[in-house]
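Whatever order the structure lists them in is the order used to number ligands and atoms, beginning at 1. Below, all heavy atoms of this structure are taken into account, side chains as well, without hydrogens, waters or symmetry copies.
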Amino acid sequence: MTTRTDCLARDADDPLAPLRARFDLPAGVIYLDGNSLGARPKTALARAQQVIAQEWGQDLIRSWNTAGWFDLPKRLGDRLAPLLGARAGEVVVTDSTSLNLFKALAAALHMQAEGAGAARRVIVTERANFPTDLYMAQGLADWLARGYSVRLVDSAEELPAAIDADCAVVMLTHVNYRSGYQHDMAALTAHAHAQGALALWDLAHSAGAVPLDLHAAGADLAVGCTYKYLNGGPGAPAFIWVPAHHQAAFRQPLSGWWSHAAPFAMAPAYAPVDGIGRALCGTQPIVSLALVECGLEVFEQTSMAAIRAKSLALTDLFIALVEARCGAHPLGLVTPRAHARRGSQVSFTHPHGYAVMAALIARGVIGDYREPAIMRFGFTPLYTSYAAVWDAVEHLRAILDEQAYDIAASRGAVT
Ligand SMILES: *Cc1c(COP(=O)(O)O)cnc(C)c1O
């Protein structure tokens with residue numbers, strides 16, 4: 001049976017432990033919600049100060065050139081690319097994940113309509129996908145009309161059969177936000193291609209959480225968040241990946257001037273720029289965008305292989321300790337035990353999941369709650385220690401043993 005002393009010994013041996021000092025976390029908090037909003041890199045404060053006081057305050061509009069504001073979406077994209085298995089010139093950091101999904105989905109449907117897949121009108125995805133992904137797909141299909149529709153499948157096992165001769169694009173979230181289930185990206189992409197469909201991957205819970213190799217997997221398009229595992233800051237712009245071999249055929253309907261071949265020619269006619277720039281739309285929130293770099297700098301101090309090794313060790317430890325120490329309580333493990341099928345979070349159901357999570361948060365153990373009855377715990381190897389996992393489980397054990405939670409507690413707008 002693992003003891004707290006064992007956990008401290010593992011922390012002393014942990015090659016990632018020094019990186020915790022790169023983050024500002026409040027004392028007394030065990031933060032297990034970096035899958036929803038990553039912690040703040042210490043450098044973000046000075047970077048925000050620099051952008052606001054110097055670049056905006058002193059240099060004013062000259063900063064579009066002198067501070068590199070205009071190129072920032074591409075510069076950040078190039079810096080993020082290695083974490084995705086993408087290449088330079090294939091990623092931009094811009095807009096929200098929802099908007100990038102819209103652009104990528106529309107472009108995928110357009111590619112099919114212009115090619116051999118002209119008769120294909122179905123977007124295949126999972127009912128358990130994050131709702132905005134479903135809403136954006138439904139909105140696009142309804143708006144296009146002309147027979148476009150969304151097909152929802154109820155389990156990973158049903159996916160292959162649902163990807164048929166009508167399917168234009170398979171749009172999947174690589175790691176499920178609720179269960180932590182990780183799809184086999186390469187196998188599903190290969191299956192989609194064999195059926196004549198394109199594969200669009202949402203990496204919201206994968207980027208910075210699990211090793212990714214979009215090129216090796218043969219993926220067609222991808223999007224994802226920077227404010228979760230990548231520590232970009234609340235509401236930080238998202239990313240979109242268009243591999244070089246699809247860029248010429250990539251046409252998206254949000255054809256704003258930042259995607260124009262010559263934005264400052266101020267020409268009345270639209271002409272998309274060559275390359276990844278055609279995935280852009282309009283002017284970006286520069287203060288927020290600039291902070292994304294602070295998170296990426298921390299990732300450059302280590303490797304996704306090291307992060308993954310610790311992530312699996314943390315999630316294995318959490319599962320083992322919960323099962324050993326809280327085994328008398330009605331907790332149900334939702335997240336797969338198989339490493340290959342697991343992201344960097346662990347979810348447990350409990351009949352009073354919301355109330356138990358509220359009690360944990362009141363004690364400084366911050367996870368979150370997702371319907372139905374799921375307590376979600378995110379494990380971010382850059383700043384989570386083994387001892388913190390032990391302490392979190394001890395709080396959970398005490399709350400459950402003492403029934404120290406309020407079933408009647410009211411809920412905040414954001415759970
Ligand atoms: C977090 C998340 C989003 C968030 O989309 P926003 O446009 O940033 O609100 C989208 N999709 C998935 C799968 C997510 O996990």
Location of contacts on S36 toward ligand 1, heavy atoms closer than 4.0 Å: neither

Quick one: nearest non-hydrogen protein atom to atom 2 (C) of ligand 1, plus distance? K228 NZ, 2.4 Å

Distance from E297 atom CD to R79 atom CZ, nearest 0.5 Å? 4.5 Å

Looking only at protein heavy atoms, identify the closest one to atom 8 (O) of ligand 1 and say how far it is in Å. Y227 OH, 2.7 Å

Numbering the atoms of ligand 1 from 1, which are under 4.0 Å from a heavy atom of S98? 5 (O), 6 (P), 7 (O)

Run the numbers for me: atoms of ligand 1, each under 4.0 Å from some heavy atom of T173, listed by number. 13 (C)

How about V298 and F23: do any of their side-chain heavy atoms sit closer than 4.5 Å? yes

Quick test: of every protein heavy atom, which one is nearest to atom 5 (O) of ligand 1, and how far off is it to 0.1 Å? T97 CB, 3.6 Å

Number the atoms of ligand 1 from 1 as they appear, then name those within less than 4.0 Å of a heavy atom of S96, with their elements. 7 (O)

Under 30°, 30 to 60°, or over 60°: which ring-plane class applies to H350 and Y405, parallel, tilted or perpendicular? perpendicular

Closer than 4.0 Å to some heavy atom of A204 - which atoms of ligand 1 meet that? 2 (C), 12 (C), 13 (C), 14 (C), 15 (O)

heavy-atom search around atom 11 (N) of ligand 1 in the protein gives D133 OD1, 2.7 Å

With the side chain counted from C-beta on, respond yes when T125 and D133 share a heavy-atom pair under 4.5 Å apart, and no when they do not. no

Return the SG to CZ distance between C294 and R22, rounded to the nearest 0.5 Å. 10.0 Å

Determine, using heavy atoms of A238 and all atoms of ligand 1, whether some pair is separated by less than 4.0 Å. no

Of all the atoms in ligand 1, which lie at a distance below 4.0 Å from a heavy atom belonging to T132? 5 (O), 10 (C), 11 (N)

Pick one: which of Y386, F318, Y229 meets ring pair (Phe, Tyr, Trp, His ring centres under 6.0 Å) with F379? F318

Does the ring pair (Phe, Tyr, Trp, His ring centres under 6.0 Å) test come out yes or no for W258 and F70, once each step is laid out? CA-CA 9 Å; W258 277 45; F70 192 66; 4.8 Å; yes

Counting from 1 in the order shown, the ligand 1 atoms closer than 4.0 Å to a non-hydrogen atom of H205 are 15 (O)

Any carboxylate oxygen within less than 4.0 angstrom of a Lys/Arg side-chain nitrogen, looking at R20 and D14? no

